[in-house]
J.: 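Starting off with a structure, shown below.
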Amino acid sequence: MLKVEDIKVGYHENIVLDGISFSVEEGEFLGIIGPNGCGKTTLLRVITWVKHPLSGKVIFDGKDIKKLSRKEIAKIMAVVPQISPIPPFFTVEEIILMGRYPRQKIRWMTTKEDIEAVEDTMQKTNTTHFRNRFINELSGGERQEVIITRALAQEPKILILDEPTANLDIKHQVRILSLIKSLVKEEKITTVMVIHDLNLAARFCDKLILLYDRKIYAEGGVEDVFTKQNLRDVYEVDVEVNHNPLINSLQVTVVG
Ligand SMILES: Nc1ncnc2c1ncn2[C@@H]1O[C@H](COP(=O)(O)OP(=O)(O)OP(=O)(O)O)[C@@H](O)[C@H]1O
Ligand SMILES: [Mg+2]
């Protein structure tokens, strides 16, 4: 569904990533991890074609993204950025409805289908109760749930998330990631998520990519990537990696 081929990207003369290639299958949940400043957000910006690489290609569904218009990209892809600029004085419902924009044949003409998609998605993410609140009067975590709801209301084939749970408490972290995971599986939405929390990454992602020093340092299943050595090399801390049978997942503890 999504293929990244030999990407080289940087800002001015500073090369951030070089030789990055990977692919994500339909309905797969890929996690991207790595230390601060290693280029995770930059990679997402390349995938969404907001930042053009120096070389390399992004292909989805067999099409070179370079040849698609912004509206065509928005029909396929929904993005939850690390920092979301949101216009104030819109209600939650209006913000979520904005996610339907790429699907509207006539600009800003809301159809019955749009209303239903918004309603349905709000039910799923449990955000219906603050539909009439102003977005600028919500907490950081509540706002994040609205942004995630807007992305899902877009009914994307590919969902791109940059640290979606950073502002959420532990209950909401697990709730939102469980919901995303179930949508990935039921509706076969291909998902690429940057996340710092290694334990959440291990629990929810099918596959991981660990970025370090401009390259993919490790990739594969959680057990391939979460070795003591890999995590020590990249994060410069000693860790223990244990299987937690309660959640049937590897979990990492920093010990040094
Ligand atoms: N607009 C920009 N102009 C110049 N340099 C930039 C720009 N955006 C990012 N960088 C630099 O590129 C590198 C990668 O940044 P990026 O935001 O991709 O990192 P990240 O892995 O997402 O980090 P974090 O975990 O802190 O979000 C950093 O060194 C950063 O300073
Ligand atoms: Mg980032």
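Counting starts at 1 for both ligands and their atoms, following the listed order. Below, all heavy atoms of this structure are taken into account, side chains as well, without hydrogens, waters or symmetry copies.
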J.: Take atom NZ of K157 as the centre, draw a 6.0 Å sphere, and report whether it contains more than 12 heavy atoms from other residues, nucleotides or ligands.
T.: no

J.: Please work out whether any backbone atom (N, CA, C, O) or any side-chain heavy atom from C-beta onward of V16 is under 4.0 Å from ligand 1, and answer side chain, backbone, both or neither.
T.: side chain

J.: Is atom 4 (C) of ligand 1 less than 4.0 angstrom from at least one protein heavy atom?
T.: yes

J.: For ligand 1, which is the ligand I care about here, please tell me if N36 has any N or O atom under 3.5 Å from one of the ligand's N or O atoms.
T.: yes

J.: Do protein heavy atoms approach atom 31 (O) of ligand 1 to less than 4.0 Å?
T.: no

J.: Which atoms of ligand 1 have any heavy atom of T42 under 4.0 Å away?
T.: 14 (C), 15 (O), 16 (P), 18 (O)

J.: Looking only at protein heavy atoms, which one is nearest to atom 28 (C) of ligand 1, and what is the separation?
T.: G37 O, 3.7 Å

J.: Tell me whether D6 is salt-bridged to K57, with the criterion being a basic N under 4.0 Å from an acidic carboxylate O.
T.: no

J.: Would you say Q82 has an N, O or S atom lying under 2.8 Å from the Mg ion (ligand 2)?
T.: yes

J.: Taking CD in E240 as the centre, count heavy atoms belonging to other residues, nucleotides or ligands within less than 6.0 Å. Is the count above 12?
T.: yes

J.: Answer yes if M193 and L43 sit in the same cluster of Ile, Leu, Val, Met, Phe, Trp and Tyr residues linked by side chain heavy atoms under 4.5 Å apart, and no otherwise.
T.: no

J.: Would you call E163 a ligand 1 contact, heavy-atom distance under 4.0 Å?
T.: yes

J.: Charged N to carboxylate O under 4.0 angstrom, R175 versus D169?
T.: no

J.: Do any N/O/S atoms of T41 come under 2.8 Å of the Mg ion (ligand 2)?
T.: yes

J.: Run the salt-bridge test on E187 and K124 with the 4.0 Å N-O cut-off and return the result as yes or no.
T.: yes

J.: Around atom 9 (C) of ligand 1, find the nearest protein heavy atom and jot down its residue, atom name and distance.
T.: Y11 CE1, 3.4 Å

J.: Does D162 pair with R45 as a salt bridge, N-O distance under 4.0 Å?
T.: no

J.: Quick test of your reading of the structure: of H196, K40, Q82, whose heavy atom lies closest to atom 27 (O) of ligand 1?
T.: Q82

J.: To which protein heavy atom is atom 17 (O) of ligand 1 closest, and what is the distance rounded to 0.1 Å?
T.: T41 CB, 3.7 Å

J.: Look at ligand 1 and say whether G34 reaches it with a heavy atom at a distance under 4.0 Å.
T.: no

J.: Taking N199 for its side chain and V252 for its backbone only, find out whether a donor-acceptor pair lies under 3.5 Å.
T.: yes

J.: Under 4.0 Å between a side-chain nitrogen and a carboxylate oxygen: does that hold for E155 and R100?
T.: yes

